[in-house]
Each structure stands twice: as structure tokens, then as C-alpha cells.
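The basis for the numbers below is simple: all heavy atoms, side chains too, and nothing from hydrogens, waters or symmetry mates. Counting from 1, the numbers follow the sequence of the chain as shown. Whatever order the structure lists them in is the order used to number ligands and atoms, beginning at 1. Every value quoted in this text rests on a predicted model; they were computed, and no experiment measured them.
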Amino acid sequence: MTQKQTLSFQAEVAQLLHLVTHSLYSNKEIFLRELISNASDACDKLRFEALNNNALYEDQPGLEVRVSFDKDAKTLTIADNGIGLSQQEAIDNLGTIAKSGTKEFMGRLSGDQKADAQLIGQFGVGFYSGFIVADKIAVESRRAGVPAEEGVRWVSGGAGDFEVETITREQRGTSVTLHLRDDALDYLSTWKLKSIISKYSDHISLPILMRKEEWKEGEDNKGGEMVTTDEWETVNQASALWSRSKKDITPEQYAEFYKQISHDQQAPLAWAHNRVEGSTEYIQLLYVPAHAPFDLWNRDKAAGVKLYVKRVFIMDEAEALLPTYLRFVKGVIDSSDLPLNVSRELLQESRDVKAIRDGSTKRVLGMLEDMAKAETAEDASEEDKGKYAKFYAEFGAVLKEGLGEDFANHERLAKLLRFASTTADTPTVSFADYKSRMKEGQEAIYYITGETLAAAKNSPQLEVFRKKGIEVLLMADRVDEWALSHLNEFDGTPLQSVAKGAVDLGSLQDEAEKKAAEEAAEVFKPVLDKLKEALKDKAQDVRVTSRLVDSPACLVASDGGMSTQLARMLKQAGQKVPDILPVLEVNADHALVKKLESSEHFDDLAHILFDQALLAEGGLPADPAAYVKRVNALLV
Ligand code: ADP
């Protein structure tokens with residue numbers, strides 16, 4: 001490829017470019033952060049590849065980024081001597097979006113500029129952000145280790161296509177030249193660029209260099225101006241933020257670093273920065289974000305911690321460093337013990353990594369506990385008081401996965417959980433709160449799962465609990481039933497789903513009530529037998545219950561079985577579910593049930609009873625048309 005080639009952007013890129021230039025307009029300056037971050041990544045990559053091939057340094061071991069501008073040409077250039085791009089890499093990496101989830105991401109854009117700008121920020125527009133300020137971008141690059149004649153020049157106006165051609169380039173690495181739009185000419189200023197660099201890129205561990213400026217007197221002492229000299233100076237701190245001492249880092253710098261590594265424009269809720277010493281030594285800088293990323297539910301992808309070994313970047317998204325249920329945590333782990341050539345496979349087996357993982361998990365749980373404590377602390381600020389609720393609204397459901405994943409921290413996790421209940425509409429009730437309100441004689445923590453909180457709250461299964469004034473925790477997160485199945489008790493009190501097994505209210509039921517129930521079951525036996533026969537294809541058992549007050553019937557799962565509601569959800573998600581029939585429980589005191597015995601429509605009534613119980617918990621009769629027909633027959 002010597003001749004110029006014109007190629008089209010992948011459709012998504014064209015779409016993204018359009019969005020970038022239109023929605024990120026109010027925060028133009030971030031382009032510099034993105035391009036410097038790319039330059040820094042390219043240097044990290046070179047350092048990493050050079051571990052096995054020192055020749056890649058080509059006698060130029062000092063890695064750096066240079067930012068310069070040309071007032072007359074109206075261009076701004078960001079140049080690095082990192083890994084560089086081969087011709088094919090330039091075509092692939094600058095013409096397509098390789099990231100997984102791009103389609104999903106595009107689908108989530110709403111057209112509302114403000115909301116979209118946030119999303120785009122999270123996704124990381126990277127290189128394309130240059131088009132916010134430039135109407136043309138020229139990239140010249142040569143990959144480390146390849147001959148000078150195999151350089152590449154990539155040019156685009158950011159519309160539908162780009163040009164590539166082969167060039168000769170002695171200098172290793174990449175230079176990105178922005179031809180600034182007329183409304184972005186204020187970036188042709190050393191002062192302005194320096195201030196943006198110190199705001200966003202101070203912590204970049206490489207030196208960022210700019211040309212020094214000097215005051216030049218005007219002729220005849222008539223005014224003067226700043227002129228750039230040929231001398232370069234370093235304009236950032238150039239040391240990795242996490243390697244500095246805590247006391248030298250301001251909250252703003254912590255927040256800025258977070259934004260850089262997370263592509264999140266909102267400040268984090270909390271962070272922990274520690275140098276851990278002992279048999280395994282490492283630095284951890286871990287952040288709890290204020291809101292969930294769009295791909296939080298993708299358990300495969302979203303590990304948020306970067307691994308460094310002695311300041312050398314090793315990998316992004318190192319999932320071995322934290323358990324999956326803490327995948328919302330962002331940050332950096334810098335180990336002093338791991339070998340530089342460590343691979344993902346090695347990480348899985350390393351004892352040092354296990355120690356890091358355990359230590360980091362404890363640290364994150366500690367941060368969450370501190371936030372939770374602040375909720376009720378008298379001396380906490382209003383902002384601190386609200387933090388845990390904010391966290392929980394975003395990540396509570398993910399945290400619950402920990403019950404199934406992290407048995408060592410079960411107790412700490414259980415204390416961090418919050419639920420809505422029959423007395424609280426929002427998830428603010430902890431197990432400890434619940435226990436402190438338990439009725440005299442109550443032996444279990446009762447909960448119910450439903451498709452929505454409203455459905456759970458209105459479930460007929462709660463009737464007797466409501467009548468007796470017993471609080472029941474309401475759960476409507478998809479993970480709830482699965483997660484709770486891993487937690488049998490809290491602080492010595494068993495957990496009991498009210499939708500499973502026969503209700504056992506223990507000593508909450510008085511002797512008279514128990515006796516009445518037993519008698520009812522006895523008297524009712526012939527009807528029950530008839531019901532069982534009529535519904536033998538739908539229900540595994542039919543029994544009299546004391547849990548209903550106003551409703552004639554409800555469905556429950558057998559003890560230890562899956563609730564009908566979870567089974568339905570799994571089916572909807574396309575999963576195989578064993579066909580276990582539910583138990584139909586009937587309220588012997590209900591007029592409809594009483595009428596059954598003498599009714600000449602026994603069969604129809606039995607089926608209606610069953611289908612209504614299904615409807616009441618948000619399900620659909622297996623044969624809705626038959627249901628309607630039966631009801632109509634009775635109505636007429
Ligand atoms: P991201 O950096 O998030 O992957 P970008 O759009 O910023 O996305 O960049 C796309 C790709 O282009 C990068 O992954 C990298 O491979 C390549 N790239 C960008 N800038 C440089 C650079 N300065 N040096 C080498 N490669 C680069």
C-alpha cells in the first residue's frame with residue numbers, strides 16, 4: 001500500500017462521530033485528556049512488549065508525550081514515542097470500534113444530548129473526541145520495531161471516510177495533528193493547554209512536555225509578547241498518582257483520576273488508597289462509583305480494576321483481582337511481587353493474587369460499611385448520610401450476588417443488605433432493623449419475592465401477616481430469590497419465604513387458631529380430595545391454609561422448591577426449568593370456597609380458583625381463552 005487509499009468508517013463510527021461532535025460540545029476540552037491518555041497507553045504498551053524484546057526501544061528508552069501547536073497553521077499536535085500503529089492497525093483501530101457492546105451502547109442512546117453525553121463519556125470516545133475541536137485530523141505513526149519506510153499517514157475530516165498512505169517516518173510512535181475549527185482556536189495557547197493538562201493529566205506517569213515560553217519585549221519598548229522557544233519542559237507531575245503519598249493528593253485529584261480511568265463524568269462516592277505491606281506487597285486505589293455503567297449486568301465483561309506491577313501497566317479489567325459481585329469497583333492495584341510477564345491464566349492461580357483479592361474485597365466491604373454507618377451517624381454531613389442509599393439504589397442488586405459467591409464474607413454482606421418491607425416502601429430495612437421490630441414469639445425473618453415491589457406487597461400470601469401486624473420483607477430484584485437461597489439465617493434467626501411450604505407462624509398462632517385450622521382441614525377433606533382430582537394436571541397438592549384472609553386461594557411452592565414466580569422468570573429468560581407443579585392453598589372461610597361443595601359447576605370453579613391464584617401473583621393461566629370461557633359461563 002504505497003498509494004493513497006480511501007476507506008469508509010464502519011457505520012457505528014460514523015454515527016458515533018456525529019454524536020461526539022454534537023453532544024460533547026459543552027465540554028470540548030476533554031479531547032486533550034483523551035488523546036494524552038491514548039498516548040500514555042501507547043507508551044505503556046511499548047514498555048510491556050519491550051519486557052520480552054528490549055530492541056523495541058530503538059535506543060530511545062525515555063517515553064514521553066509532547067504537546068505543541070502552530071499558530072499560523074492553526075494546528076495542535078500530540079506526539080508520543082510509544083508502540084505506534086502499523087498500517088493495518090491504523091485502518092482497524094481508527095476506522096472501527098473494536099469494543100464489544102458497541103451495538104448495545106448505540107441502542108441506548110436516547111437522542112437527549114445531555115444524557116447521551118454522559119453515556120458517551122462512559123463508553124469512552126477516545127480518539128474520536130479530537131473531532132470536537134478539529135475539522136481534520138492527521139495521524140502519522142510507525143510501529144516500534146518496523147522499518148522507517150513502513151510508516152503510515154491517516155487523514156480524515158471526520159465525515160464518512162478516511163485516507164491512508166504509506167510514509168517514511170524515522171520517529172517511532174504516533175503524532176496526532178488536529179486542524180482546529182475556527183471556534184476552537186483558543187487552544188493555540190500554552191497557558192490554556194497547560195491548565196487543561198494539569199487539570200486532567202497531572203497523574204499520568206509519563207512526562208508531558210511543552211515548549212517553554214519567554215517574554216519578548218516589543219521594539220522601542222512598545223509592548224511585548226510571550227513567544228515559544230525551542231526548549232521543552234515537563235508540565236505535569238509525571239508520577240503515578242497511586243504511588244504518591246495520600247497526604248500529597250487532594251480530593252479533586254483523586255476524583256480526576258477516577259474520571260480518567262472510569263470514563264465516568266460524575267465524581268465517585270468513595271475511595272480507599274492504601275499501601276499494603278506484609279507477605280504480599282501492593283498498593284490499592286479503589287473507587288466506588290456514584291452510578292452504574294450501562295453494562296453492569298454483563299457479568300462477563302465489566303471488571304474495573306487495572307493491574308500494574310511496579311508501576312508498569314500490565315492489563316485492564318483484571319477480573320482475578322476482585323470477585324465478580326464487586327465488578328462495579330474501579331481502580332488500580334500495583335503489585336510489587338508479581339512477575340512482569342504475568343498472564344491472565346497465571347493470575348487465576350497465583351497465591352499473591354489471592355491475597356490481593358481477599359485484601360481488596362475486605363477493603364471494599366469496609367468502604368461500604370463506612371458509608372452505611374454514616375447514614376445514622378449524628379455528626380455526618382447530609383451528603384454523607386445519603387451516600388449509602390445512593391450506592392444501594394445503583395448497586396444493591398449486584399452486591400446480593402455476593403451471597404452466592406463469597407461465603408467467607410457472608411455475615412458482612414448480609415449486614416449491608418437493605419430491603420423494602422410491608423412497612424417501608426423503599427429499600428431501607430436491614431435485617432438488623434427487621435429483627436429489632438420482630439413480634440414477641442416471632443421465630444423467623446419473613447420475606448416474599450415478586451415480579452415488582454407492588455406485586456409482592458399485594459400478594460394474597462401476605463394476608464395473615466398483615467392481619468397479625470407482622471412485617472414481611474419485600475423483594476423484587478431478579479437476583480433476590482437465588483441470592484436469598486444462599487442465606488439461611490441472619491444472626492441466629494432463620495429466614496423464611498412466605499411463598500414456600502406451609503405457613504408456620506409458630507407461637508404467633510394461638511391454640512384456638514391452630515385447633516380451628518385442624519378442624520377445618522378435617523371437615524373440608526372430601527372437598528379437597530375432589531379439588532385434587534379436578535386439578536391433578538395443574539397442582540401437585542391442594543390444602544387448607546391459614547395464611548389467607550380475604551382471598552379464596554393462592555399458589556405456593558413446595559418447601560425447598562423454586563417459587564412459581566422464579567420459575568416463570570427463568571422460563572422467560574429462555575432457561576430450562578424443571579416442571580414442578582405448585583401447591584394450591586385454599587381459604588376454607590371464603591364464601592367462594594364454601595360454595596364449592598354444593599356447586600353443580602364444581603369443575604369450572606376449581607379451575608377458576610386455580611387460574612385466579614395464578615393471576616393474582618402476576619402469572620397467566622395456561623389457557624387464557626378457556627379461563628375466560630369458564631368465567632363467562634358462570635356470569636351468564
Ligand atoms: P480506546 O483507546 O478506548 O481503545 P480510541 O478510539 O481512543 O479507543 O483508540 C482506538 C485505538 O487506536 C486504541 O485502542 C489504540 O489501539 C489505537 N490508538 C489510539 N491512539 C494511539 C496512539 N497514540 N498510539 C498507538 N495507538 C493508538
Side-chain angles (χ1 to χ4, degrees), residues 7 9-10 12-21 24 30-50 56 60 63-68 76-102 105-106 119-134 137-146 150-156 158 162 164 169 171-178 200-201 204 206 208-209 259-264 293 295 301-302 304 306 313 315-317 330:
L7 298 167
F9 283 121
Q10 179 196 26
E12 277 101 356
V13 177
Q15 214 181 330
L16 185 63
L17 274 169
H18 180 82
L19 275 160
V20 164
T21 43
L24 291 183
I30 59 137
F31 81 90
L32 191 58
R33 170 184 78 190
E34 298 292 314
L35 295 180
I36 289 179
S37 162
N38 278 354
S40 160
D41 288 349
C43 292
D44 279 343
K45 277 183 207 156
L46 174 65
R47 205 182 281 139
F48 184 65
E49 283 191 25
L56 290 179
Q60 226 196 78
L63 298 173
E64 60 189 30
V65 182
R66 289 174 191 251
V67 177
S68 58
L76 172 60
T77 299
I78 294 95
D80 64 72
N81 56 357
I83 192 72
L85 291 155
S86 67
Q87 294 163 358
Q88 193 56 46
E89 283 169 338
I91 294 172
D92 292 345
N93 299 347
L94 305 179
T96 58
I97 304 175
K99 276 190 206 115
S100 60
T102 307
F105 165 76
M106 290 294 183
L119 262 184
I120 293 171
Q122 271 186 50
F123 188 71
V125 276
F127 173 76
Y128 303 109
S129 64
F131 286 107
I132 309 172
V133 294
I137 299 183
V139 177
E140 295 196 350
S141 190
R142 178 176 64 78
R143 203 174 200 286
V146 310
E150 292 182 24
V152 60
R153 183 176 153 82
W154 178 106
V155 182
S156 175
F162 58 91
V164 273
R169 180 175 156 96
Q171 173 63 46
R172 169 192 82 218
T174 306
S175 78
V176 177
T177 298
L178 306 173
Y200 293 118
S201 309
I204 293 270
L206 309 162
I208 300 170
L209 304 171
K259 290 180 191 174
Q260 177 96 43
I261 58 169
S262 65
H263 293 296
D264 179 2
D295 54 359
K301 157 169 194 295
K306 291 173 194 285
F313 172 76
M315 67 180 77
D316 267 326
E317 300 175 355
K330 304 277 184 218

Hey, what's the ring geometry for F162 with F9, parallel, tilted or perpendicular (30° and 60° as the breaks)? tilted
Would you say Q87's side chain and G151's backbone share a donor-acceptor pair under 3.5 angstrom? yes
Indicate, as side chain, backbone, both or neither, the part of L94 found under 4.0 angstrom from ligand 1 when only non-hydrogen atoms are considered. side chain
Could you see which bit of N93 sits under 4.0 Å from ligand 1, with heavy atoms only: side chain, backbone, both or neither? both
So which of K45, R143, E89 gets nearest to atom 14 (O) of ligand 1, if we judge by its closest heavy atom? K45
Apply side-chain contact (heavy atoms from CB on, under 4.5 Å) to the pair W154 and S141, showing each step before the final yes or no. CA-CA 9 Å; W154 178 106; S141 190; over 6 Å; no
Going by the rule side-chain contact (heavy atoms from CB on, under 4.5 Å), which residues pair with V176 if we only count those two or more places apart in sequence or in a different chain? L35, F127, I137, V139, T174, L178
Below 3.5 Å, N or O to N or O, backbone or side chain included: is there any such pair between L85 and ligand 1? no
Return yes or no for this condition: an N or O of Y128 is under 3.5 Å from an N or O of ligand 1. no
Is there a polar contact between ligand 1 and D41, counting only N or O atoms under 3.5 Å apart? no
Under the rule for side-chain contact (heavy atoms from CB on, under 4.5 Å), what residues qualify as partners of Q171, not counting sequence neighbours? Q60, N81, R169
